[in-house]
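Notes follow once the structure below has been shown.
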Amino acid sequence: MQRHLITSAIPYINGIKHLGNLVGSQLPADLFARYQRARGREVLFLCATDEHGTPAELAAAKAGKPVAEYCAEMHEVQSEIAKGFRLSFDHFGRSSSEANHKLTQHFAGRLADQGLIREVSETQMYSHADGRFLPDRYIEGTCPNCGFDSARGDQCDNCTKQLDPVDLINPHSTISGSTELEMRETKHLYLCQSQMKDQLEEWIDTREGWPVLTTSIAKKWLNDGDGLQDRGITRDLDWGVPVQKGDEPWPGMEGKVFYVWFDAPIEYIACGQEWVDAGKGTDWERWWRTDKGADDVTYTQFMGKDNVPFHTLSFPSTILGSAEPWKLVDYIKSFNYLNYDGGQFSTSRGRGVFMDQALEILPADYWRWWLLSHAPESSDSEFTWDNFQTSVNKDLADVLGNFASRVTKFCRSKFTEAVPEGGAYTERETRLIEELTAKVRDYEAQMEAIEVRKSAATLRAIWVLGNEYLQEVAPWSTIKEDPEMAAMQIRLGLNLIRLYAILSAPFIPDASAQLLTAMHSDTADWPEDVAAALEALPAGHAFTVPEVTFRKITDDERADWQERFAGVRT
RNA sequence: GGCGCGGUAGCUCAGUUGGUUAGAGCGAACGACUCAUAAUCGUUAGGUCGGGGGUUCGAGUCCCCCCCACGCCA
């Protein structure tokens, strides 16, 4: 049996993500996971929260809570929202877990053993009032170039000049406002990625069928300027994985933690352990260790384009550098950005729709369908309320929902609430089945290839076939002269509803479940044989006319939401 | 400034290794039907494929230059 390990880029802990974040990783990953499960394959779908680093500490301080408590709460919040969107993670872990602490320290130790870690002394800005070293962007002062008084330590937002914190005039901490800053010497560990360059490049060159977006970004980082640079993997912070060499202390590194970019991807693996610890599985190594059964696993990662360098270079450096038989990613599916109504989604400015707000307005399926059918695969795409309204109303309410409605209601009024009996297929039905079969095979191929938009378009075309058929055979006419013929047509129509529910489940799981329930169908096997699947509901099988599956979005709602989400999140 | 990804019908997008009259959905117009969530189905309209050169028997599809948008980096 095929086995699929699937991970979505792990969302950062400080706050609720917007729809652009959702469609860039978690949602398409869920689509793929659901599809593979529906095909009967064994799937392990993992995601987690990325919890370490300065932004988490500051967010916690702002909330007046200890950082561990803050993260625990926010993890719960994100977890609930994920459930709301029906993201079917086998486990939603935490990068701050004990498992990840151990594994991160293990990898660092292995990398050191392999000669891939070096110590570097550098100077960083230390704030006495804050009692901590400050990342460049948390220091502000007057720009020596243009005189702008809120230039950050890494760059001036006014003149865009790249800066070093020591360049600033009257530098101060943006956390406390303190001006008691000094450059202090500190020692950090660097991962020698530069030594891995050839190995990484060879690996990437031999990957087949990867999205252009993925490989072009990777190659750029490998060969741009001086090539792949070594990167610091430690920080002078309290919140994080303490620096250790495996189980041993790391002399000179006391009080330091690993930098978030180092421990975050390792959480993909640690999450497998958490999955076992949570009692949901028994053996995580058969997914992650090629010497323990993971040889036949296909590992697919999903992420936005901003995360590609970490997944094509940094994390593989960790894996390959360890010289241990860890499972390396097989396919990286990356996405461009989703824009919002002519601009970018902005977390800091509260522009756009955030995951919690989206669920307050409409059920998950509406968002899932629109976002996936407009996924930014080949280039950035754009969310507009107008497009959202027309797409969702047309596709879900008119084409799919109304199909279920017209068939079931017609049957109830002309026959009974049970599958009618009698009649036999004609050439028209044979043709319909042929067309359906061809489209279903296309749909499968596109789903296997993770062609998200194309899959959605094909699924919609499958829905349309049902409407075309009904329109053509017109059971409301045939019933007048040939009731048996009408019975056969409607029997097929009812079975089509069930077929559609099964095929659509990866995109719109709730609606799919509702339709299956209405059809009183307790099986949902994938239609390997479409003709057979269309006989699953036999004559006499009772059903219930479903509630309106998708209500339409009104013009008033659209206008209201358009205004509500234009500005600042309240 | 460098690099990357794009610029295809009003809108959102497909267009394989260059090959007959450039496609889909929505929107629009017209028609059919009336079972259904004023739904559905059909037909039609509409594009010098960002601009200009070049290679080729032939280019949206390859090469060069330019313009525009977005992003990343300096």
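Excluded from the calculations below are hydrogen atoms, water molecules and symmetry mates; all remaining heavy atoms, backbone and side chain alike, are included. Residue numbers begin at 1 in each chain, while the letters A, B, ... track the order of the sequences.
- Considering only residues two or more places apart in sequence or on other chains, A:Asp556 meets the side chain to side chain donor-acceptor pair (under 3.5 Å) condition with none of them.
- Nucleotide B:rC41 holds its C1' atom 13 Å from the CG atom of A:Asp398, rounded to whole Å.
- As a whole-Å value, the separation of A:Phe335 CZ from B:rC70 P is 23 Å.
- With P as the reference atom, B:rG1 and B:rU44 are 49 Å apart, rounded to whole Å.
- Here, B:rU61 and B:rU55 have their P atoms 15 Å apart, quoted to the whole Å.
- If you find the closest nucleotide of RNA chain B to A:Trp463 and to A:Arg406, the one lying nearer the 5' end belongs to A:Arg406.
- The separation of B:rG7 from B:rA74, taken at their C1' atoms, amounts to 26 Å, rounded to a whole angstrom.
- Side-chain to base pairing of A:Asn402 with B:rA36: one donor and one acceptor N or O lie within less than 3.5 Å of each other.
- In this structure, A:Val464 reaches the sugar-phosphate backbone alone: every heavy-atom distance under 4.0 Å involves primed, P, OP1 or OP2 atoms, never a base.
- Comparing B:rA45 with B:rA59, their P atoms sit 26 Å apart, to the nearest whole Å.
- Taking the C1' atom of each, B:rU56 and B:rC63 are spaced 12 Å apart, rounded to whole Å.
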Dump every N/O contact between nucleotides 22-32 of chain B and the protein below 3.5 Å, one line per pair.
residue : atom : partner  : partner atom : Å
B:rG25  : O3'  : A:Arg460 : NH2          : 3.4

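- Under the Watson-Crick and G-U wobble criteria, each requiring two contacts below 3.5 Å, nucleotide B:rU20 is left unpaired.
- Across B:rC26 and B:rC65, the matching P atoms stand 41 Å from one another, rounded to whole Å.
- Among the atoms of the strands shown, none is found under 4.0 Å from any heavy atom of A:Ser413.
- Backbone-only engagement by A:Lys454 is indicated by non-hydrogen atom pairs under 4.0 Å involving sugar-phosphate atoms exclusively.
- B:rG46 and B:rC41 have their P atoms separated by 24 Å, given to the nearest Å.
- Taking the charged nitrogens against the carboxylate oxygens, A:Glu434 and A:Arg431 have no contact shorter than 4.0 Å, which rules out a salt bridge.
- Rounded to whole Å, atom P of B:rG42 lies 9 Å from atom CD of A:Glu472.
- Using a 4.0 Å cut-off between charged nitrogen and carboxylate oxygen, A:Arg86 and A:Asp30 do not count as a salt-bridge pair.
- Scanning for salt bridge (Lys or Arg N to Asp or Glu O under 4.0 Å) contacts around A:Glu421 gives an empty result, with sequence neighbours left out.
- For the pair A:Lys333 and A:Tyr331, the cation-pi criterion (under 6.0 Å, within 45° of the ring axis) is not fulfilled.
- Panel note: side chain A:Arg118, backbone A:Tyr190; no donor-acceptor pair is recorded below 3.5 Å.
- A:Tyr469 has its OH atom 14 Å from the C1' atom of B:rC35, to the nearest Å.
- Look at A:Trp476 and the base of B:rC35; the rings stack, centres closer than 5.5 Å and planes less than 30° apart.
- We find that OH of A:Tyr337 is positioned 12 Å from C1' of B:rG4, with the value rounded to whole Å.
- Pairing for B:rA29 is with B:rU43, a Watson-Crick or G-U wobble pair whose two hydrogen-bonding atom distances lie under 3.5 Å.
- Taking atom CG of residue A:Asn339 and atom C1' of nucleotide B:rC5, one finds them 13 Å apart after rounding to whole Å.
- In this structure, B:rC3 and B:rG71 make a Watson-Crick or G-U wobble pair, each of the two defining distances being under 3.5 angstrom.
- Spacing between B:rG42 and B:rG60 at atom P, rounded to whole Å, works out to 31 Å.
- The residue A:Phe403 sits apart from the nucleic acid: no heavy atom pair falls under 4.0 Å.
- Residues A:Pro509 and A:Arg368 have side chains in contact (heavy-atom distance under 4.5 Å, counting atoms from C-beta outward).
- Distance from the side chain of A:Val548 is smallest to B:rU37 among B:rU37, B:rC13, B:rU34.
- The backbone N or O of A:Gly53 lies less than 3.5 Å from no partner atom in the side chain of A:Tyr259, so there is not a single donor-acceptor pair.
- Computed from coordinates, the A:Asn467 CG to B:rU40 P distance equals 7 Å when rounded to whole Å.
- Of the candidate nucleotides B:rU12, B:rC35, B:rC41, B:rC35 has the atom nearest to the side chain of A:Phe410.
- Following rounding to the nearest Å, A:Leu338 (CG) and B:rC5 (C1') show an atom-to-atom distance of 16 Å.
- With the nearest nucleotide of RNA chain B identified for both A:Arg453 and A:Leu396, A:Arg453 has the one nearer the 5' end.
- Remark: A:Lys197 does not engage A:Glu202 in a salt bridge, criterion side-chain N to carboxylate O under 4.0 Å.
- In terms of phosphate contacts, A:Lys409 brings a side-chain nitrogen or oxygen within less than 4.0 Å of OP1 or OP2 of B:rU37.
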